[in-house]
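See below for the structure under consideration.
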Amino acid sequence: MASIFQGVGAATALSSSTSFDTKKFQFSTRRSLPERKTSFVAVRSGAKMNSGSNRTDGRADHLVTNAVATKSDNPAASTASKPGHELLLFEALREGLEEEMERDARVCVMGEDVGHYGGSYKVTKGLADKYGDLRVLDTPIAENSFTGMGIGAAMTGLRPIIEGMNMGFLLLAFNQISNNCGMLHYTSGGQFKIPVVIRGPGGVGRQLGAEHSQRLESYFQSIPGIQMVACSTPYNAKGLMKAAIRSDNPVILFEHVLLYNLKERIPDEEYVLSLEEAEMVRPGEHVTILTYSRMRYHVMQAAKTLVNKGYDPEVIDIRSLKPFDLYTIGNSIKKTHRVLIVEECMRTGGIGASLTAAITENFHDYLDAPIVCLSSQDVPTPYAGTLEEWTVVQPPQIVAAVEQLCR
């Protein structure tokens with residue numbers, strides 16, 4: 001098959017460690033963050049639920065080796081002043097993918113039902129008719145096989161996008177993703193680049209049962225050589241998709257099944273976001289709330305209640321799950337001195353646990369209270385809707401956690 005491609009050239013209560021008196025955690029000294037000359041424009045999303053061969057920059061050539069990501073020199077401008085056009089999140093993903101396929105003939109797509117069916121969530125709808133069956137390849141139900149094929153295609157110089165019909169299915173390709181995708185650049189002595197994007201739907205909320213409600217961020221975060229990002233709005237979905245395709249590093253793009261029908265106005269002009277930059281969603285003074293993906297909307301719902309109660313939370317969508325944007329996060333902690341992490345990932349070994357460790361190592365002297373992390377319960381996701389809802393963090397828990405932190 002490689003020759004074919006060459007031919008186309010998480011609901012948990014506050015843990016016992018979070019019961020505290022903030023007066024006991026006052027620090028007499030604070031280290032100052034190292035100054036860094038940079039410009040940063042925060043892009044806010046006004047997204048609402050709808051009921052119904054150029055490169056971006058030189059950083060794509062080399063994998064970031066530490067947790068701190070640098071700022072982009074020319075970040076994308078805010079959408080507020082752009083006329084733009086409205087798209088649902090899955091349409092924004094498709095638009096970004098289509099633009100990159102038009103721009104670079106090396107970009108191709110493979111996965112189950114991605115061709116004439118258009119994908120389970122219609123992200124690839126119409127692309128097979130436009131670009132043909134070789135560039136939009138329907139594969140058998142064999143995740144390990146077509147993931148390995150995509151990695152091999154990337155080694156030959158193509159830029160494959162591998163779609164998992166559901167992110168949980170990619171566990172069948174874990175060997176290919178960990179031992180091949182993440183490590184081949186190193187184990188080949190730099191002879192091969194692996195410019196592959198692995199993407200697909202995941203998360204809890206559609207009564208899909210335990211096996212189809214996986215959050216694989218925690219599974220993949222420990223694999224060396226892989227970058228991970230999570231989209232949460234149509235604007236950042238398109239911008240991250242384009243950036244991931246242009247990157248020379250393997251990138252896993254996490255999409256949430258409940259966010260595909262979010263609608264937002266995005267710019268008509270082309271834009272590409274940084275894979276290593278967090279988004280300031282809401283500036284504030286009292287507490288830093290770090291979140292990503294679907295939980296961004298639970299946090300913003302809780303923020304309305306918190307503002308009415310007199311609190312001023314700062315909300316950051318971390319977006320980059322590996323590496324963390326510790327520059328943006330650190331500057332926020334320097335201002336608020338309190339941190340709440342809200343995630344849908346499992347509590348044990350999740351993104352929140354890694355983020356807690358990174359903050360403790362780098363910004364401990366800024367903290368006036370212990371870090372609080374709200375995560376999903378360490379249980380298989382139930383099928384019943386009411387029980388499913390109980391396993392993930394809800395807005396009232398976020399309100400209660402902020403009240404305890406700021407007490």
Side-chain angles (χ1 to χ4, degrees), residues 10-11 49 88-90 92-94 97 109 111-114 119-124 141 143-144 146-147 161-174 176-178 181 196-223 226-234 236-237 240-241 244 250-262 291-298 317-322 342-352 354 375-383 385 388-389 391-393:
M49 287 298 292
L88 300 176
L89 189 143
F90 78 89
L93 288 166
R94 182 200 305 151
L97 177 53
V109 182
E112 298 156 1
D113 290 335
V114 299
S120 297
Y121 293 90
K122 303 306 176 186
V123 173
T124 57
I141 303 175
E143 283 77 12
N144 57 345
F146 67 73
T147 302
I161 296 94
I162 301 169
E163 175 179 315
M165 183 181 288
N166 181 281
M167 290 300 275
F169 300 162
L170 291 177
L171 289 175
L172 296 168
F174 194 84
Q176 285 75 13
I177 295 171
S178 59
C181 185
V196 65
V197 179
I198 300 172
R199 54 154 297 271
V204 178
R206 296 197 65 175
Q207 290 187 257
L208 299 176
E211 294 180 3
H212 292 68
S213 301
Q214 296 275 31
R215 290 132 290 176
L216 298 189
E217 306 96 292
S218 60
Y219 290 70
F220 293 131
Q221 66 173 328
S222 62
I223 299 175
I226 286 181
Q227 291 184 267
M228 304 195 312
V229 290
C231 61
S232 55
T233 70
N236 66 40
L240 292 173
M241 170 71 86
V251 179
I252 301 179
L253 173 60
F254 292 94
E255 304 155 17
H256 200 288
V257 292
L258 289 185
L259 301 185
Y260 279 127
N261 286 333
L262 279 173
T291 189
Y292 65 93
S293 191
R294 174 197 177 192
M295 287 295 111
R296 167 177 175 150
Y297 298 95
H298 282 213
D317 184 342
I318 63 173
R319 288 199 313 210
S320 176
L321 308 184
K322 183 184 179 182
V342 182
E343 62 175 346
E344 195 180 278
C345 200
M346 299 297 187
R347 183 173 188 83
T348 302
I351 296 297
S354 297
S375 311
S376 292
Q377 293 187 28
D378 287 334
V379 296
T381 304
Y383 172 76
E388 180 185 62
E389 187 174 290
T391 66
V392 298
V393 180

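Counting from 1, the numbers follow the sequence of the chain as shown.
At a threshold of 4.5 Å between non-hydrogen side-chain atoms, the residues Val229 and Arg319 do not count as touching. Looking at Val392 and Arg294, their side chains come closer than 4.5 Å, going by heavy atoms from C-beta outward. With a 4.5 Å cut-off on side-chain heavy atoms, Glu343 and Arg215 do not count as touching. Taking the side chain as every heavy atom from C-beta outward, Thr233 and Asp317 never approach each other to under 4.5 Å. Looking at Ile198 and Ile226, their side chains never come closer than 4.5 Å, going by heavy atoms from C-beta outward.
Proximity of a side-chain donor or acceptor of Glu217 to a complementary backbone N or O of Ile351 within less than 3.5 Å is not detected. In this structure, the side chain of Ser120 does not engage the main chain of Met165 through any donor-acceptor pair within 3.5 Å. Counting only distance, with no hydrogens or angles, the side chain of Thr124 and the backbone of Val114 share a donor-acceptor pair below 3.5 Å. A donor-acceptor pair under 3.5 Å links the side-chain atoms of Lys322 to the main chain of Ile223, judged by distance alone. Side-chain atoms of Arg206 do not come within 3.5 Å of backbone N or O of His212 as any donor-acceptor pair.
What you find for Pro234 and Leu88 is that their closest heavy atoms are CG-C, 4.2 Å. Taking every heavy atom of both residues into account, Ile162 and Val196 meet most closely at CD1-CG2, 3.6 Å. For the pair Leu258 and Val204, the tightest heavy-atom approach, listed with the atom from each and the gap, is CD1-O, 3.6 Å. Closest non-hydrogen pair, Glu112 versus Phe146, comes out as OE2-CE2, 3.5 Å. Between Ser232 and Tyr297, the shortest heavy-atom contact is O-OH, 2.5 Å. Closest approach of Cys231 to Leu259, counting heavy atoms only: O-CD1, 4.2 Å.
For Ser178, the side-chain hydrogen bond (donor to acceptor under 3.5 Å, both in side chains) criterion is met by no residue, not counting sequence neighbours. Every residue two or more places apart in sequence or in another chain that forms a ring pair (Phe, Tyr, Trp, His ring centres under 6.0 Å) with Phe220 is listed here: Phe174. Take Gln214 and apply the side-chain hydrogen bond (donor to acceptor under 3.5 Å, both in side chains) test, not counting sequence neighbours, and it matches no residue. By the side chain to side chain contact (heavy atoms under 4.5 Å, CB included) test, Gln207 pairs with Tyr383, Glu388, sequence neighbours left out. Remark: His298 engages no residue in a ring pair (Phe, Tyr, Trp, His ring centres under 6.0 Å) (not counting sequence neighbours). Qualifying side chain to side chain contact (heavy atoms under 4.5 Å, CB included) partners for Ser218, counting only residues two or more places apart in sequence or in other chains: Gln221, Cys345. Partners of Asp378 under the side-chain hydrogen bond (donor to acceptor under 3.5 Å, both in side chains) rule, at least two apart in sequence or in another chain, are Thr348. Residues passing the side-chain hydrogen bond (donor to acceptor under 3.5 Å, both in side chains) test with Tyr260, sequence neighbours excluded: Glu255.
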Residues Ile252, Met167; criterion side-chain contact (heavy atoms from CB on, under 4.5 Å); working and verdict: CA-CA 10 Å; Ile252 301 179; Met167 290 300 275; 3.9 Å; yes

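Leu170 contributes atom CG, which lies 11.0 Å from atom CG of Asn144 (distance to the nearest 0.5 angstrom). With rounding to the nearest 0.5 angstrom, the CE atom of Met346 is 10.0 Å from the CG atom of Leu216. With rounding to the nearest 0.5 angstrom, the CG atom of Asn166 is 7.0 Å from the OH atom of Tyr121. Annotation: the span from Leu253 atom CG to Arg199 atom CZ amounts to 7.0 Å, rounded to 0.5 Å.
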